[in-house]
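Structure, as structure tokens:
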Amino acid sequence: MAEKTDRKTLEERHGMSDLERLRHSCAHVLATAIARIWPDAQFAAGPPVEGGFYYDVDLKHRISTEDFERIEAEMKKVVKENATFVKVVVTREEAMAMAKSGRLASVAERKVESVFKLDLLNEIPEGEEISIYQNGDFWDLCAGPHVGRTGNCKAYKLMSVASAFYKGDKSNPQLQRVYGTCFPNKTQLNEHLERLEEAKKRDHRKLGRELGLFTFSEVVGQGLPLWKPKGGIVRRELQDFITEELDSQGYYQVFTPHIGKLDLYRTSGHFPYYEESQFPPMAERDAWEGLADEGADCGRLLNGLRTGAIEGFMLKPMNCPHHIQIFASDHRSYRDLPVRLAEFGTVYRWEQSGELGGLTRVRSFTQDDAHLFCTPEQVADEIQGCLGLVKKVLGTLGMEDYTVRLSLRDLESDKYVGSPENWEKAEDALREAVKKMGVDAIEEPGEAAFYGPKIDFVVKDVIGRDWQLGTVQVDYNLPERFDLSYVGSDNKPHRPVMIHRAPFGSLERFTGLLIEHFAGKFPTWLAPEQVRVLPISQQFNEAGQKAVEALAEAGVRVRMDGTGDKVGAKIRLARLDRVPYMLVLGAREVENNEVSVRHRDREDLGTQSLDDFVSNIREEISKRSL
RNA sequence: GCUUAUGUAGCUCAGGGGUAGAGCACAUCCUUGGUAAGGAUGAGGUCGCGGGUUCAAUUCCCGCCAUAAGCUCCA
């Protein structure tokens with residue numbers, strides 16, 4: 001992701017906003033401080049990024065957060081010196097000489113070259129201006145622009161230190177990346193820090209535990225989420241919602257197993273090509289026993305599985321191959337098309353351990369998946385239908401803050417299956433669809449699936465990371481690999497086109513982001529507990545119980561707090577649980593045969609009869625109101 | 001997978017070479033109170049797991065597991 005950000009800053013370098021310019025300058029202030037403290041520091045790049053800036057540095061000393069105080073103190077001196085940022089245009093030879101004497105990104109000449117600056121220098125195309133920015137004794141190779149003086153960087157803070165590969169390439173050395181942020185003044189900096197604190201309170205991992213929605217167990221395994229009863233309710237409501245939509249749009253629900261033979265994935269292209277991102281295959285029992293009898297080693301087993309000499313099974317990484325087999329199980333006429341097969345299909349992927357986190361990146365997840373098999377002529381309409389569904393689903397939940405990404409293949413890479421012609425057809429179809437939908441889409445080469453391009457709906461989590469949710473993908477390739485066909489009006493076999501689509505993407509990731517979107521305050525239809533009845537004292541528990549029964553009878557998820565706590569405490573607990581409605585019940589209400597209604601956000605809603613309350617909340621739930 | 005942190009009660013965290021503490025939650029009892037915390041008592045821990053150093057390890061060292069941020073990756 002930072003790589004993308006880097007690319008963006010390069011592209012936008014000359015159109016840098018004032019804030020970005022300030023942060024870029026602050027990165028130089030940071031580098032100045034580090035160079036003074038550790039003269040052996042070798043700097044790479046130090047751009048502004050969303051929310052702040054960083055500088056990559058190679059240094060014998062391992063910078064830890066304990067060093068921040070010291071670095072910030074040195075930065076303070078640099079700021080106080082209030083040196084002017086001076087731009088000096090130099091020739092390539094001059095710049096080379098400085099880099100070779102170690103004078104670039106440093107406060108003095110050194111015995112060693114400025115290695116990364118030298119490398120970056122070599123990448124600047126012939127004819128392009130080469131500039132050095134100087135602030136006091138610190139000289140850096142930099143295209144700018146900068147603020148006037150170091151004194152402009154008044155409000156900054158170092159945030160974290162991490163490692164990053166030089167130029168984002170795994171084969172390059174790892175550098176220490178120091179992140180910081182900077183604002184025009186202290187007030188804005190503090191506001192920013194407060195916003196970060198606020199955002200943390202909405203973190204789905206924190207809320208998921210507090211609200212009892214899901215958990216992980218070290219014994220079950222990393223990245224394998226366990227949905228608890230309350231999370232189960234949210235999930236079921238989401239599934240019911242999708243199912244209703246599918247029923248009205250001509251989909252058929254299917255059910256398929258969680259595993260399939262390796263041969264299936266050989267045909268689809270998942271095995272052995274994507275072997276390392278899957279759970280290891282299971283060999284058949286006879287094969288295991290046979291090999292064991294022979295005293296064979298693991299290498300032979302693995303090799304046999306790869307070549308197909310030994311048959312085995314794999315946990316499914318996707319649902320498409322199974323759905324394809326359902327399509328292929330019948331003789332299809334063009335009159336049968338489109339065939340729309342839907343399934344809440346659980347898939348398993350071996351994500352690297354460092355990438356797992358909360359519900360947003362897991363090793364086992366359930367897609368609200370569907371595959372549409374259609375004629376080439378139907379593709380455009382079907383894509384529109386899918387996009388409409390995604391928009392409706394996101395709209396119902398009030399998740400309007402997404403970006404649409406057109407994920408295309410990377411022309412340089414060879415990881416894709418299928419012919420270039422098919423890819424072009426598919427990419428054109430999606431471009432057309434996006435245009436027709438009338439939304440701004442960002443084209444991202446290299447983000448495509450291995451079998452086809454996609455339209456992805458991307459949202460941000462509380463700490464600003466992008467996550468792909470809904471997706472619509474056109475695929476001319478898998479139908480070919482599986483030799484799918486239908487009979488056309490010309491009585492000849494034709495190749496269908498496949499569309500893969502998932503409005504939520506995965507229920508896990510979607511729920512995670514939904515928790516953050518609502519800060520745990522689910523709309524009533526999704527809330528695990530919709531109403532809590534709070535008798536003023538235990539002598540009204542009986543009346544409370546009657547209300548509970550009436551609500552439950554009407555299909556409302558309701559519970560009574562019949563403890564000996566005072567109402568104040570009961571309200572507090574109900575609000576901490578984000579229960580939408582609280583019904584307070586005391587002598588007054590019982591006497592007048594009514595309930596006093598309180599909403600978690602809208603506070604006191606006055607009194608109404610229980611019947612009115614029931615019919616109001618039923619309507620709110622059935623409409624899936626926000 | 002890599003870098004850097006972190007891991008003590010259900011949760012949030014304090015502590016520290018001599019086998020542990022707070023608040024909340026929980027249990028029991030008292031209280032029956034009108035819109036975000038009534039009171040008392042009590043129970044609860046192999047200090048992530050496994051090795052090592054030591055008379056003694058939860059504390060120091062090593063390995064592993066898990067979590068977090070970032071990088072890389074995400075069919």
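This one's a predicted model, so the numbers in the text were calculated from it and none came from an experiment. Residue numbering restarts at 1 for every chain, and letters A, B, ... go by the order of the sequence lines. Both backbone and side-chain heavy atoms feed into the values below; hydrogens, waters and symmetry mates do not.
- One interatomic measurement links the two molecules: CG of A:Leu573 to P of B:A25, which rounds to 7 Å at whole-angstrom precision.
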**Study point:** ring-ring contact (aromatic ring centres under 6.0 Å, His included) between A:Tyr55 and A:Phe43, worked out
**Key:** CA-CA 7 Å; A:Tyr55 219 124; A:Phe43 293 91; 5.1 Å; yes
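- Between A:Leu196 and A:Met159 the shortest heavy-atom distance is CD1-CE, 3.6 Å.
- Following rounding to the nearest Å, A:Phe365 (CZ) and B:C74 (P) show an atom-to-atom distance of 13 Å.
- Side-chain proximity of A:Arg575 to the nucleotides B:A36, B:G70, B:U35 is greatest for B:A36.
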Which atom pairs link the protein and nucleotides 38-42 of chain B when you take only N or O atoms and keep those under 3.5 Å?
none

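- Note on ring orientation: taking the six-membered ring where Trp is involved, the planes of A:Phe214 and A:His204 are tilted (angle from 30° to 60°).
- For A:Ala164, whose side chain is taken as the heavy atoms from C-beta onward, the closest listed nucleotide among B:U32, B:A69, B:C71 is B:C71.
- Distance, A:Glu276 CD to B:U72 P: 18 Å, rounded to whole Å.
- Taking the six-membered ring where the residue is Trp, A:Trp38 and A:His61 present parallel rings, their angle staying beneath 30° rather than reaching 60°.
- Checked against B:G33, B:A69, B:A36, the side chain of A:Ile463 finds its nearest nucleotide in B:A69.
- With B:G33, B:U35, B:U4 as the choices, the nucleotide that has an atom nearest any side-chain atom of A:Arg598 turns out to be B:U35.
- B:C64 and B:C71 have their C1' atoms separated by 23 Å, with the value rounded to a whole Å.
- Between A:Asp203 atom CG and B:A68 atom P the separation is 9 Å, expressed in whole Å.
- The aromatic ring centres of A:Phe504 and A:Phe510 sit less than 6.0 Å apart.
- Comparing the same atom, P, in B:A68 and in B:C11 gives a spacing of 15 Å after rounding to whole Å.
- In RNA chain B, runs of at least 3 stacked Watson-Crick or G-U pairs (N1-N3 plus N6-O4 or O6-N4, or N1-O2 plus O6-N3, all under 3.5 Å) give these stems: B:1-7 with B:65-71, B:10-13 with B:21-24, B:26-30 with B:38-42, B:48-52 with B:60-64.
- Among the heavy atoms of the strands lying under 4.0 Å from A:Arg205 are primed sugar atoms or P, OP1, OP2 only; no base atom is included.
- With distances taken from any side-chain atom of A:Arg509 to the nucleotides B:A75, B:C71, B:C74, the minimum falls on B:C74.
- Between the C1' atoms of B:U28 and B:A36, the separation comes to 26 Å (whole Å).
- By the stacking rule of 5.5 Å between ring centres and under 30° between planes, A:Tyr451 does not stack on the base of B:A75.
- Nearest nucleotide to the side chain of A:Glu351, out of B:C74, B:A36, B:G70: B:C74.
- The shortest heavy-atom contact between A:Phe482 and A:Leu264 is CZ-O, 3.6 Å.
- Comparing B:G33, B:U67, B:U72 by their nearest atom to the side chain of A:Lys170 picks out B:U72.
- Using modelled atom types, one finds no donor on one side chain facing an acceptor on the other under 3.5 Å when comparing A:Lys117 with A:Gln42.
- Heavy atoms of A:Val567 sit under 4.0 angstrom from primed sugar atoms or phosphate atoms, though from no base atom.
- Rounded to a whole Å, the CZ atom of A:Arg532 is 19 Å from the P atom of B:U35.
- Residue A:Phe165 is in base contact, counting any heavy-atom pair closer than 4.0 Å across all strands shown.
- Taking every heavy atom of both residues into account, A:Ala449 and A:Gln473 meet most closely at CB-OE1, 4.1 Å.
- The gap from the C1' atom of B:A9 to that of B:A43 amounts to 11 Å, rounded to the nearest Å.
- Contact record, A:Trp423 with A:Val417: NE1-O, 2.8 Å, taken as the closest heavy-atom pair.
- Between A:Arg465 atom CZ and B:G70 atom P the separation is 5 Å, expressed in whole Å.
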Check your understanding: Given the rule in the salt bridge (Lys or Arg N to Asp or Glu O under 4.0 Å) test, do A:Arg598 and A:Asp604 qualify, once you have shown the distances and angles that lead to the verdict?
Key -> CA-CA 5 Å; A:Arg598 198 188 152 108; A:Asp604 195 352; over 6 Å; no
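- Side-chain N/O atoms of A:Ser160 and base N/O atoms of B:A69 include no donor-acceptor pair closer than 3.5 Å.
- With distances taken from any side-chain atom of A:Arg572 to the nucleotides B:A5, B:C71, B:A36, the minimum falls on B:A36.
- Of the listed nucleotides (B:C74, B:A5, B:G1), B:C74 has the atom at the smallest distance from the side chain of A:Arg349.
- For the atom pair OG1 of A:Thr256 and NE2 of A:His323, the computed distance is 4.5 Å after rounding to the nearest 0.5 Å.
- For B:A66 and B:G50, the P atoms lie 16 Å apart once the distance is rounded to whole Å.
- On the P atoms, B:U6 is 27 Å away from B:G45, given to the nearest whole Å.
- Rounded to whole angstrom, the span from the CD atom of A:Glu50 across to the P atom of B:G70 amounts to 12 Å.
- The residue among A:Gln222 and A:Ser277 whose nearest nucleotide of RNA chain B lies closer to the 5′ end is A:Gln222.
- Taking 3.5 Å as the limit, the base of B:U32 and the side chain of A:Gln538 contain a donor-acceptor pair of atoms between them.
- Atom CZ in A:Arg177 sits about 18 Å away from atom C1' in B:A5, given to the nearest Å.
- The separation of B:C24 from B:A37, taken at their C1' atoms, amounts to 10 Å, rounded to a whole angstrom.
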Interface polar pairs with nucleotides 10-14 of chain B, N/O, under 3.5 angstrom:
residue, atom, partner, partner atom, Å
B:C11, O3', A:Arg209, NE, 3.4
B:U12, OP1, A:Arg209, NH2, 2.8

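- Between A:Met582 and A:His599, the closest heavy-atom pair is CE-C, 3.9 Å.
- Using cut-offs of 30° and 60° on the angle between ring planes, the pair A:Tyr348 and A:His258 is tilted.
- If you take atom P in B:C26 and the same atom in B:G21, they sit 23 Å apart, rounded to whole Å.
- Summary of the strand contacts: A:Gly357 and A:Arg62 both lie near RNA chain B, and taking for each the nucleotide with the nearest heavy atom, the more 5' one is attributed to A:Arg62.
- Using a 4.0 Å heavy-atom distance criterion, A:Glu589 is classed as a base contact.
- Side-chain contact of A:Thr607 with A:Ser596: a donor-acceptor pair under 3.5 Å is absent, judged by distance alone.
- Counting distance only, with no hydrogens placed and no angle test, the side-chain atoms of A:Gln176 and the base atoms of B:U3 include no donor-acceptor pair under 3.5 Å.
- Distance alone, capped at 3.5 Å, is enough to place a donor-acceptor pair between the A:Asp67 side chain and the A:Ser64 backbone.
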